[in-house]
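Notes for the one structure printed next.
For clarity, every value in this text was computed on a predicted model and none was experimentally measured.
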Amino acid sequence: MRGATRVKLAVGVTAVALTAAACGSSSDSGGSSSSTGGSGGGIVRASWGDPQNPLEPANTNEVQGGKVLDMIFRGLKQYNPKTAQAQNMIAQSITSSDSQNFDIKLKTGWTFSNGEPVNADSFINAWNYDTQLKNAQLNASFFSYIDGYDKVHPDTPGAKASATTLSGLTKVSDTEFKVKLNQKFALFPDTLGYAAFYPLPQAFFTNRQAWLAKPIGNGPYEISSYTKGSKMDLQKWDGYKGPDPAQNGGVELRVYTDNNTAYTDLQAGNIDLVDDIPVTQLRNVKSDLGNRYINVPAGIIQTISFPLYSSRWSSANSAKVRQGLSMAINRKEITDQIFQQTRTPASDWTSPVLGSAGGFKEGLCGEECTFNADKAKQLIAEGGGLPGGKITISYNADTGSHKEWVDAVCNSINNALGNNTACVGAPVGTFADFRNRITSKQLDNPFRAGWQMDYPLIQDFLQPQYFTGASSNDSHYSNANFDKLVNEANAASSTSDSVSKFQDAEKQLVIDMPAIPLWYQNGSAGYSSNLSNVALNPFSVPVYNEIKVK
Amino acid sequence: MGRYVIRRLLQMIPVFIGSTFLIFFMVYALGDPVAALFGDRAPDPATAAQIRAELHLNDPLWKQYLIYMKNIFTGDFGTAFNGESVVSLMRSAFPVTIRLTIVAILFEIIIGISLGVLTGMRRGKPDDTGVLLLTLVVISVPTFVTGYVLQYLFGVQWGWVSPSVSPEAPFNELILPGLVLALVSLAYVTRLTRTSIAENTRADYLRTAVAKGLPRHRIIIRHLLRNSLIPVVTFIGTDVGFLMGGAIVTERIFNIHGVGYQLYQGILRNNAPTVVGFVTILVLVFLLANLLVDLLYAVLDPRIRYA
């Protein structure tokens with residue numbers, strides 16, 4: 001439907017422009033020979049974004065760099081692309097009797113693509129390097145559970161490290177090492193599939209610059225060429241002995257600045273796989289691609305968080321206002337109308353990709369997250385009304401098309417309250433500035449927040465965001481009962497006990513509502529008829545190694 | 001002439017220092033880039049402090065500027081966040097954008113001036129009115145509309161060209177983007193040439209040339225065009241700088257990894273070295289293009305002399 005209007009518009013507007021450029025069009029056809037069709041020996045041509053940071057395991061915290069690391073590395077554990085379950089990859093076994101001391105045994109025969117063996121040292125050296133303060137790795141905090149972290153990586157700015165190695169890591173043999181944590185953490189083994197925990201070859205330590213120019217890993221692919229900022233060629237590594245070798249000859253990643261262009265290229269057969277469908281194309285993607293369009297849940301939840309440190313939101317009654325606001329948002333209408341069902345209305349603070357065994361519980365939030373305009377109005381009135389009579393919702397305007405939905409959420413709130421000025425969107429120019437205002441506690445109105453899981457665990461959705469003083473607790477929420485339940489969950493002896501404790505903790509969030517769950521985000525992708533067996537994993541990244549090229 | 005050029009070059013020094021400082025100041029006013037590096041996660045204070053120290057972010061602005069300028073004179077333009085040095089970014093980006101600009105300028109000169117001469121000579125005739133109307137339409141439609149629409153028609157609907165440009169960006173792939181980039185300026189060049197030609201056709205010297213019995217093509221090219229091109233050359237000269245820096249939209253649409261793309265990434269990530277470095281070079285290009293235009297005047301009009 002939308003495709004048709006687009007063509008009509010195209011013809012209408014350019015009929016004139018084309019005549020003006022009539023002299024030029026003859027030379028334009030000269031460029032036609034440049035479009036090369038076909039797939040070129042089983043290579044997947046996929047869209048990519050320029051990674052923000054150098055491609056080191058512990059320095060990559062966004063999905064574009066993560067994509068590459070997932071292709072060229074395998075860790076102790078691997079998350080099943082379908083079920084999100086953490087399964088042993090390099091690890092033979094990870095055992096513990098007390099949820100604090102872990103014994104990790106490795107499988108033999110794993111090597112890096114330069115021939116070096118993957119052994120206990122590959123992990124211990126990598127983890128020490130990743131933690132050391134002087135290396136300024138963005139994901140260093142992932143090692144904070146390991147004993148001795150505070151010596152290698154003191155948290156106060158300006159402090160000097162008093163050790164260079166984590167005392168919690170001890171090598172037993174080439175195929176076995178022990179990890180001692182500084183607190184009980186039952187789910188620790190399941191976090192080890194995250195990119196920060198990947199091993200590093202000796203080549204990294206001997207010449208880091210050369211390694212960064214062309215990273216060497218132990219995964220199903222190896223990098224054959226890398227032009228920073230424009231493209232990367234990966235080829236199948238024939239020496240890969242793991243259980244999941246590449247089903248194609250290689251992957252060519254092309255950097256696109258504009259996902260609209262990537263989509264247009266897909267339509268023109270210039271590229272095979274686009275894993276970020278522009279919001280403006282969601283209406284016509286089904287008619288354009290048919291069953292070559294993928295739309296599956298991913299481990300991402302969007303919320304509206306409150307600055308609980310601000311006097312506007314810190315009063316005891318203010319929770320009622322927040323609950324009221326939550327009930328004033330018609331999630332279903334927004335996800336249908338704006339997102340074309342690429343989002344699912346949220347009814348808890350986790351994600352459906354965890355599965356019920358992993359801790360996802362539909363409807364945990366109950367009526368507090370269900371649209372009910374009358375109740376919303378009543379609750380907000382009981383809570384003393386909106387602070388100052390009106391609120392704004394801050395968002396960054398540079399990426400992610402947040403404006404549309406923030407305006408829709410505000411409309412929904414305004415309609416429920418019968419007041420056209422109760423809520424307005426407050427755009428902030430750049431993501432950098434937006435994050436600065438949040439981390440320096442400058443906001444006194446709610447702001448949009450998105451959480452993409454690092455590993456598919458309920459712990460990752462709750463603890464970093466809502467535990468007192470946690471690394472991503474932007475609301476500065478603090479509740480003794482919540483903290484107690486989280487600690488108990490971490491110390492639990494079995495996964496199921498741990499999960500149910502976490503869910504008990506999550507129920508505290510319903511009462512305090514430090515953040516309003518909005519919707520679970522899906523991963524969306526489209527591919528050309530050259531490909532088959534394309535799927536997205538729970539991190540909304542294509543499972544490249546399983547793609548087959550015709 | 002030589003002294004004039006030297007004087008102009010010397011004048012560029014304060015302009016250069018002033019503009020780099022202004023840009024430097026503005027990029028830093030955007031705020032601290034470190035928080036964005038950590039994504040949605042709050043930065044861990046020790047790591048953030050370490051990165052700030054490496055980037056000299058804790059120093060006062062004037063000191064940061066001095067450090068930056070000192071490095072520039074040793075050829076070091078700093079490093080982008082992905083670890084690539086800004087110099088190597090420039091080395092890959094500028095050739096691409098220069099090629100794009102050349103294509104665009106060629107379109108302006110060939111199509112713009114021809115249409116201008118045609119309409120100027122046939123003032124008031126239907127084809128003159130038609131072209132004028134077209135230029136009006138082209139000027140009023142924003143670049144991103146023409147860009148996306150032409151890309152869709154040529155790239156997807158008719159499949160004549162590839163909708164995006166490969167990283168190597170050879171000339172033949174840059175024809176459509178170059179046209180899109182040139183369209184608005186092209187319309188201006190057409191109108192400017194038309195007015196200028198129309199004015200000069202009534203000039204005395206032209207009547208003399210006709211009276212002498214010179215052939216028509218010689219009258220137009222040697223006498224009419226040479227004198228009418230002065231305002232057009234001014235426009236095209238300043239347009240060089242504008243096209244190189246203003247290609248952000250076009251480069252995004254056609255996925256060209258040139259100057260606009262690097263600037264866009266730099267602004268998005270708050271990376272001062274990238275933005276300041278690229279804009280500094282653009283300022284220089286702009287200044288040199290202006291100087292070149294001034295010197296061209298003397299070639300076109302022998303009455304203009306520089307001392």
Is [X] in contact with chain B via its backbone, its side chain, both, or neither, using a 4.5 Å heavy-atom distance?
X: P54(A); answer: both
X: E62(A); answer: neither
X: T439(A); answer: side chain

Pairs of heavy atoms under 4.5 Å with chain B: top-ranked of [options]:
options: L212(A), L55(A), V255(A), D474(A); result: V255(A)
options: G229(A), A262(A), G429(A), A449(A); result: G229(A)
options: N59(A), D265(A), N135(A); result: D265(A)
options: S141(A), G450(A), P464(A); result: G450(A)
options: T227(A), T156(A), L133(A); result: L133(A)

(message) Would K441(A) pass as a cation-pi partner of Y309(A), given that its NZ or CZ must be under 6.0 Å from the six-membered ring centre and within 45 degrees of the axis?
(response) yes
(message) Can you confirm whether the side chains of D288(A) and Q267(A) place a donor and an acceptor under 3.5 Å from each other?
(response) yes
(request) Assert yes or no for the condition that the ring centre distance of F94(B) to F278(B) is strictly below 6.0 Å. (result) yes
(message) Measuring centre to centre across the rings, with the benzene-like ring taken for any Trp, is Y395(A) within less than 6.0 Å of F447(A)?
(response) no
(request) Determine the interplanar angle of the Y194(A) and F142(A) rings, folded into 0 to 90°, and report it as parallel if under 30°, tilted if 30 to 60°, perpendicular if over 60°. (result) parallel
(message) Once you measure the plane-to-plane angle for Y149(A) and H153(A), does it fall in the parallel (<30°), tilted (30-60°) or perpendicular (>60°) bin?
(response)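 Geometry flag for H153(A) against Y149(A): parallel rings.
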(message) Please identify, among S92(B), S164(B), A49(B), S114(B), the residue contributing the most non-hydrogen atom pairs under 4.5 Å to chain A.
(response) S164(B)
(message) Need one label for Y264(B): side chain, backbone, both or neither, based on atoms under 4.5 Å from any heavy atom in chain A.
(response) side chain
(message) Under the side chain to side chain contact (heavy atoms under 4.5 Å, CB included) test against R194(B), which residue among T135(B), V131(B), T119(B) passes?
(response) T119(B)
